[in-house]
Amino acid sequence: MGYCSGRCTLVAVCGAQLVSVLERQIFDFLGYQWAPILANFIHIIVVILGLFGTIQYRPRYITGYAVWLILWISWNVFVICFYLEAGDLSKETDLILTFNISMHRSWWMENGPGCTVTSVTPAPDWAPEDHRYITVSGCFLEYQYIEVAHSSLQIFLALAGFIYACYVVKCITEEEDSFDFIGGFDSYGYQGPQKTSHLQLQPMYMSK
């Protein structure tokens, strides 16, 4: 019963991870956040493999899923530190999350709850011609805290997934070790047919 509930819980956690990361991927696409887009894509693939391994009793897939979750937690911790500007990190830099391809930032920066976007004219001389220069005000919740909330949710789900993945792998391994196939590994469980030495030869008479 515990093993079944563990598998069912892991399936539910994987489903929650897929839904939450797909939602996150949409908004990262809207903000052209290339590094998070790549990380989210890898996470989606690995979660699908972990879900497949859980349903099909494939411990190697589940183990790979658990290992990836450690990296996924590390990535989300970095994102939290980035937006909270821990240490020398600064959320104003474009290089880290957009690979310096564009000046776009989080989609929530302009579209957060209550945010008012105002275009600044004329634009500063340093602003690219194909970009508008704006100011954002009146937000009920700053965009960095929304991004931190997304990453915190991913860390929570990843921790739950890691714990249940380890539990399910342990259960599958124990089940394989104790598997009893035609009497199991007990030499007394199965005995093949034995030759008897009590056969008596009877003469055969053929009539002409």
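Being a predicted model, the structure only gives us computed values, none of them experimental.
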Quiz item: Does the side-chain hydrogen bond (donor to acceptor under 3.5 Å, both in side chains) test come out yes or no for S20 and Q154, once each step is laid out?
Solution: CA-CA 8 Å; S20 62; Q154 293 301 320; 2.9 Å; yes
Quiz prompt | T9 OG1 to I163 CD1 distance, which is reported to the nearest 0.5 Å | solution = 11.5 Å
Practice problem: Look at the side-chain heavy atoms of Ile, Leu, Val, Met, Phe, Trp and Tyr, link any pair under 4.5 Å apart, and say whether F52 and Y57 land in one connected group. | Solution: no
Quiz item: Does T54 offer a backbone N or O that forms a donor-acceptor pair with the side chain of R7 under 3.5 Å?
Solution: yes
Quiz item: Under 4.5 Å between side-chain heavy atoms, hopping through other hydrophobics if needed: is there a path connecting F78 to I146?
Solution: yes
Self-check item: Where A158 and I73 come nearest, the two heavy atoms and their spacing
Solution: CB-CG1, 3.5 Å
Quiz item: Is the number of heavy atoms from other residues, nucleotides or ligands within 6.0 Å of CZ (F41) greater than 12?
Solution: no
Practice problem: Go through the steps for I37 and F29 under the test side-chain contact (heavy atoms from CB on, under 4.5 Å), then give the verdict. | Solution: CA-CA 7 Å; I37 288 171; F29 262 116; 3.6 Å; yes
Quiz item: How far does CG of L10 sit from OG of S5, to the nearest 0.5 angstrom?
Solution: 11.5 Å
Quiz item: Which heavy atom in G64 sits nearest to a heavy atom in V46, and how many Å separate them?
Solution: O-CG1, 4.4 Å
Practice problem: Flag yes if V19 and L69 sit in one hydrophobic cluster, no otherwise; membership is Ile, Leu, Val, Met, Phe, Trp, Tyr, and two members link when side-chain heavy atoms are under 4.5 Å apart. | Solution: no
Practice problem: Treating Ile, Leu, Val, Met, Phe, Trp and Tyr as nodes and any side-chain heavy-atom pair under 4.5 angstrom as an edge, say whether V79 and L38 lie in one connected cluster. | Solution: yes
Quiz prompt | Side chain to side chain, E85 and Q144, heavy atoms closer than 4.5 Å | solution = no
Self-check item: W108: which of Y145, F27, Y83 passes ring-ring contact (aromatic ring centres under 6.0 Å, His included)
Solution: F27
Exercise. Would you name the heavy atoms of L51 and C14 that are closest together and state the gap between them?
Key: CD1-CB, 3.9 Å
Exercise. Specify the closest pair of heavy atoms between I80 and S151, including all atoms of both residues, with the distance to one decimal.
Key: CG1-CB, 3.6 Å
Quiz prompt | Euclidean distance, I70 CD1 relative to F162 CZ, rounded to 0.5 Å | solution = 4.5 Å
Practice problem: Over all heavy atoms of both residues, which pair between D28 and P36 is shortest? Give the atoms and the distance, please. | Solution: OD2-CB, 3.4 Å
Self-check item: Distance in Å, L159 CG paired with W72 CH2, rounded so as to fall on 0.5 Å steps
Solution: 13.0 Å
Practice problem: Nearest 0.5 Å please: distance from the CD1 atom of I26 over to the CD atom of E23. | Solution: 7.0 Å
Quiz item: Shortest non-hydrogen contact from W75 to A35?
Solution: CH2-CB, 4.0 Å
Exercise. Classify the side-chain pair Q25/H43 by whether it contains a donor and acceptor separated by less than 3.5 Å.
Key: no
Exercise. Check the pair L157 / V21 against side-chain contact (heavy atoms from CB on, under 4.5 Å), numbers first and verdict last.
Key: CA-CA 11 Å; L157 292 175; V21 78; over 6 Å; no
Quiz item: Between atom CD1 of I42 and atom CH2 of W68, what is the distance when rounded to the nearest 0.5 Å?
Solution: 5.0 Å
Self-check item: Same apolar cluster: V13 and I172, side chain cutoff 4.5 Å
Solution: yes
